[in-house]
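Since the model is a prediction, treat every value here as computed from it, not as a measurement. By convention in this document, chain letters (A, B, ...) are assigned in the order of the sequence lines, proteins followed by strands, and residues within each chain are numbered from 1.
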Amino acid sequence: MSTELAKTYDAAAAQTRWVEHWLNHGYCNADPDPQRQQHTIMIPLPNVTGALHMGHCLNGTVQDLLTRWRRMQGRVALWMPGTDHAGIATQAVVERRMLEEEGLTRHDIGREALVQRIWKWKNDYEARILNQLKQIGSSCDWRRVRFTLDDVCSRAVRRTFFRMFGDGLVYRGKRLVNWDTYLQTAVADDEVFHEDVAGHFWTMNYPVVDAAGQPTGRRISFSTTRPETMLGDAAVCVHPTDERYSELVGQMVRIPVCGRTIPIIADGLLADKTLGTGAVKVTPAHDPNDYACGLRHHLPMLNILNPDGTINENGGEFQGLDRFEARRQVVARMEALGHLEKVEDRIIPIMHSDRSKTAIEPFLSDQWFVRMDELAQNAIDAVEDGRVRFFPQRYARTYVDWLAEKRDWCISRQLWWGHRIPVWSQPAGQGDQRIASLSAFGAELLPDGRIQFPECWREQLAATLAPGLHPGEELILCCVDAGHDQLEQQLGALGFVQDEDVLDTWFSSALWPHATLGWPDQQRNPPMLGEPAPAVTGTNEVLNYFYPGSVLVTSRDIITLWVARMVLTGLYNMGDVPFRHVYIHPKILDGLGQTMSKSRGNGVDPLELIEKYGTDAVRFTIASLCGETQDVRLPVGYECPHCQAVTPQTKEHQDMKPMGGPNPSIKCAKCKQSFQFPSPWFTPDDGAPVARIVSERFDYGRNFCNKLWNACRFAFMNLEGYTAAPVAEADLQVEDRWILSRLSSTLREVTLMLDRYQFDQATRAVREFTWNEFCDWYLELLKPRFRNPESKAVAQRVLVVVVDTLLRLLHPFAPFITEELWHKLNELAPERGLTDPVRRSESVMMAEWPTLPISRIDEALEKRFERLQQTIIAVRNVRSVYGISPAVQLKLFMRCTPEVAEQLQAVAGQFDFLSKTMLEAAGLDISRPAGAASFSLGDADGYIPLEGLIDRQAELTRQTKEAEKLRGFIRGHEGKLSNAGFMAKAPEKVIAEIQETLAGLKAQLASVERILAELS
RNA sequence: GGGCCCAUGGCUCAGUUGGUUAGAGCGUUCGGUUCACAUCCGAAAGGUCACAGGUUCAAGUCCUGUUGGGCCCACCA
């Protein structure tokens, strides 16, 4: 068995090894155990649209850190993995690719085929995403992987919709959508973009008519950029306080091109006195603001467009014309009739579809909604009474404010990829005007084809359907729960057809916390990946045990879309909140403070980082950035493919576009060679060397891992002959007690900070201990002890305890390197412990989160140790200031009290190792030897004879400067103490502290002055 | 337009309920081939805490305003 650790840590090898090891041993699995407390985290399901990016990496790091920590604390820690079908985003990606590569649209291949293609895409990307998660060390229970469209989740979706339908929480209504007339589909708000287009601004007028429809002679003027919409006008609107029009409000106008008469109304939200003529035409079916106004004034919603963008039958003589042609003809007609006043050229912002690049038409269509009033109120209550707590707390406000609007939630989407709305309807003209919710135990289908349903449906029908129905139309809507295939077939046979639309993606992700655990099945546990369905036991232990979750870890932009809705559905379906805590982590920005994204060309690829720095380094760095105040800025740079030098990315780089000829390139400042780089504006030329985007901030984590590795390497090299045995308190050296004291403090600090989700502070504490205390001081102090056979054994035992504890402490932050080192430690020192050495667990992942008795913290001892440190620092300072070679042995004289002298003598041996200096003498009777450099520590003065080396003038200057600095501080403190207000009002404790400090400063000044006197 | 957040050495960030001399990493300068580590060691320089007022015995920290930046929401006939 070799005690030698490889000279450098091989991150890639360790990662492969331990990912597999953990999986094989089932360490990530979490099964209900009534004897132990649970800890549940549900992953914020990544979209299957593409690979993971830095945001996911940060999100995953935090969750894994928490999961590993809680697991080590003895909890049954479940981290539930899974992915989201992400309706619109995924369908869009697949459609775009299909169009680019094959020139096909979804209409060419049909619903079935498209959905099949998307499933294929989903399978590829899901595999890729899950693999990425594994690569960053995620200790998810991989047996429980879920997907929002899998059977378990689908069932939950169906049941939720069914329940809401039955409770009257779901209704069908009208809503304006962004209609792409080219693709003939609705597109989401985030799939449209504004583009300024040269257009016209027409000012026209409508004649005011009397009750008999005869012109009164007055006219009312308005301006518009879309004259053809006047075919669907429902009113002309003015501001209620606009005196120009006040006597016209309530009168009627006639639309000259179609002869309809419409009212003049007053609406302060829509009309603005200062704009245009102050009057505006209202087209509720074709403009979002007009739509809202139409609702307020109960105006008819007249749709004038066909899905392909031509004018429909409501457009009278303009029927069949494309909307732009109709616009020309309407304008011509208005002009011919003498109602056109003027035309201006104007740049108009027009919404365009991301996908077809054609202009969007606001289009009124049937949509499904969830009534939010009561559901939202319950979700607000849960946060306000503390059942759900936000970290940092301020985000609770975002959540509450949004929910308080209680805007009904539009849950239908005109897509093919998603959960199809489980409602069947009978075409108009057949059957009664009814709405029904069918299930095996609810309403049922009668032999004669009628549906027996609860009486309450009649009322709901009247309340929710009437606005969407034209007179004479009749409609039956049936909602069917999951698992009733036969019923669906029967409905089909009766001529019912299922709604074409699918549910909003957030509808299914809102159920994630309980759907993934098998809800609504209360009879058995949810099925696991690749295993047969579990036996019916009459109870779903998994759901009961792991719900509600412990903490949700996510970023602030989906507090409303997702967090709020999970709470809402959790309360509705489970009667309890889905999680107790919500930790909102920072967002990752580039060096310019912009969000990272591919479309900006500033994205750093987590897998490339992992390749370059190692997973632990990336995780450790990320954790160090996760505080609660600010977003995280990662200045990025291009790594030269020739020499690896990094060129910082600037705005100019981001904006560089091809100007003809070869694509833009950057010249490396170091090796003077050129390279191309990833950009949203072009793909690098074939064969050209391409830089990758990196961020040097990850050096932080890499350097730390290197330090840890080498510290352990050193420790392991010195473990030869190690035997486990209890260490008597009396055998502990000063530095042993010191490091154990510091270790205890660190432990306490890290645990506390993790508890508060302050990962930056936890990381800082553990790094400082490891580097500045363990490595810089303790390991150095051990070196002489290892050379002495008598002191070796105790040193080894204490060292082993510290390393053992440290590895456990670090494991959640850096799982791979700690596991690698832990296994080595298990070989070298299988049994370890201060009082009763024991064999630790095989894997550090399953080891206990360390605890040390609070009594190990010894502040008096730490203070004494600090003096030793300061003495050595002062000696090094003198050496550095006078440029004395580190090889030269120095002598040190200390003037101090006998007590301090004794303490210094006790560690005299250490001076030699830490500063190549011999402590010659210490005591009250020491005076400055001739030609010595001096320093003052407050309660002790040090002298280092430097015969011939010291420049007396320089030393004088140095000490004078020091004295000046001290006098400045003293002045400040004395000023405070002589301030009557301060003495009268400041707490005694503060006054005492100031006095104490002042005394210290004065003592220090006195010794500096003595040194000065001796010098001159 | 509404809401939230941020502004601290060249860069990236800490700074607990106001209370000793404002800290760290990177970078910079100087010095180091000490048998764990140059991904390292030692030392140093570098800050009127964005600006202007106010509260207080005391302000980086609390309040008001200004400027600059970020995010979310709403809106722009």
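- Of the candidate nucleotides B/U39, B/C57, B/A36, B/A36 has the atom lying nearest to any side-chain atom of A/K783.
- Geometrically, A/K783 engages A/F714 in a cation-pi contact defined by less than 6.0 Å to the ring centre and at most 45° from the axis.
- One can find a donor-acceptor pair under 3.5 Å joining the base of B/A36 and the side-chain atoms of A/E780.
- Distance, A/L779 CG to B/C41 P: 12 Å, rounded to whole Å.
- Among the nucleotides B/G25, B/C5, B/G19, the one closest to the side chain of A/R394 is B/C5.
- Heavy-atom nearest nucleotides on RNA chain B were determined for A/C712 and for A/F969, and the one closer to the 5' end corresponds to A/F969.
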Would you tabulate the nitrogen or oxygen pairs shorter than 3.5 Å linking the protein to nucleotides 42-48 of chain B?
unit_1: B/A43; atom_1: O2'; unit_2: A/S880; atom_2: OG; d: 3.0
unit_1: B/A44; atom_1: OP1; unit_2: A/N877; atom_2: ND2; d: 3.1

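- Note on A/R697: every side-chain N or O is 4.0 Å or more away from OP1 and OP2 of B/U12.
- With rounding to whole Å, A/L403 atom CG is found 18 Å from B/C72 atom P.
- Comparing atom distances between the A/R633 side chain and each of B/U39, B/C57, B/U12 picks out B/U12 as nearest.
- Proximity of A/K916 to A/R879: side-chain heavy atoms (C-beta onward) are separated by under 4.5 Å at one or more points.
- Residue A/A980 is out of contact with every strand shown, counting any heavy-atom pair closer than 4.0 Å.
- Between the CD atom of A/Q889 and the P atom of B/U34 there is a distance of 16 Å, rounded to whole Å.
- Residue A/N703 places at least one side-chain N or O under 4.0 Å from the OP1 or OP2 atom of B/C40.
- Counting non-hydrogen atoms under 4.0 angstrom, A/C705 reaches nothing in the nucleic acid.
- Across all strands shown, nothing is found opposite B/A36 as a Watson-Crick or G-U wobble partner with both distances under 3.5 Å.
- A/L299 has its side chain out of reach of A/Y291: every pair of non-hydrogen atoms, C-beta onward, lies at least 4.5 Å apart.
- Pair assignment for B/G46 gives none, since no Watson-Crick or G-U wobble pairing has each distance under 3.5 Å.
- For A/Y700, the side-chain atoms get nearest to B/G25 when compared with the rest of B/C57, B/G15, B/G25.
- Under the 4.5 Å side-chain criterion, counting only non-hydrogen atoms from C-beta, A/E749 is not in contact with A/T746.
- In this structure B/C4 sits in a base pair with B/G70, meeting the Watson-Crick or G-U test at under 3.5 Å.
- Between A/Q393 atom CD and B/C5 atom C1' the separation is 15 Å, expressed in whole Å.
- Residue A/E988 places its CD atom among 12 or fewer non-hydrogen atoms of other residues, nucleotides or ligands, all under 6.0 Å distant.
- For A/T224, counting side-chain heavy atoms from C-beta on, the closest listed nucleotide (B/A77, B/G3, B/G25) is B/A77.
- Between B/G19 and A/K985, no contact under 4.0 Å exists linking OP1 or OP2 to a side-chain N or O.
- For the C1' atoms, the distance linking B/A22 with B/A59 amounts to 13 Å, nearest Å.
- Within the nucleic acid shown, A/A984 has no heavy atom closer than 4.0 Å to any nucleic acid atom.
- Phosphate proximity of B/C37 to A/K7: present, with a side-chain N or O under 4.0 Å from OP1 or OP2.
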Query raised in the report: Going through the checks in order, is the side-chain contact (heavy atoms from CB on, under 4.5 Å) test met by A/R633 and A/D590?
Result: CA-CA 5 Å; A/R633 232 178 252 228; A/D590 70 4; 5.9 Å; no
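- Side chain of A/H286 to main chain of A/P362: a donor-acceptor pair is present (N/O by atom type, distance under 3.5 Å, no hydrogens or angles).
- Base pairing of B/U64: its partner is B/A52, meeting the Watson-Crick or G-U wobble criterion (both donor-acceptor distances under 3.5 Å).
- The distance from atom CD of A/E974 to atom C1' of B/C57 is 17 Å, rounded to the nearest whole Å.
- The nearest whole Å value for the distance from the NZ atom in A/K916 to the P atom in B/C35 is 12 Å.
- Within 4.0 Å (heavy atoms only), A/L1001 reaches at least one base atom of the nucleic acid.
- With a cut-off of 3.5 Å on both Watson-Crick or G-U wobble distances, the partner of B/C26 is given as B/G10.
- If you take CZ of A/F201 and P of B/A77, they are 8 Å apart, rounded to a whole angstrom.
- Aromatic ring orientation, A/F704 versus A/F620: parallel (interplanar angle below 30°, classes split at 30° and 60°).
- A salt bridge is absent between A/R619 and A/D616: the closest approach of a Lys/Arg side-chain nitrogen to an acidic carboxylate oxygen does not fall below 4.0 angstrom.
- The nucleotide B/U16 finds no pairing partner, because no Watson-Crick or G-U wobble arrangement with both distances shorter than 3.5 Å includes it.
- One can place CG of A/L592 at 16 Å from C1' of B/C6, the figure rounded to the nearest angstrom.
- Residue contacts for A/R879: at a heavy-atom cut-off of 4.0 Å it reaches no nucleic acid atom on any strand shown.
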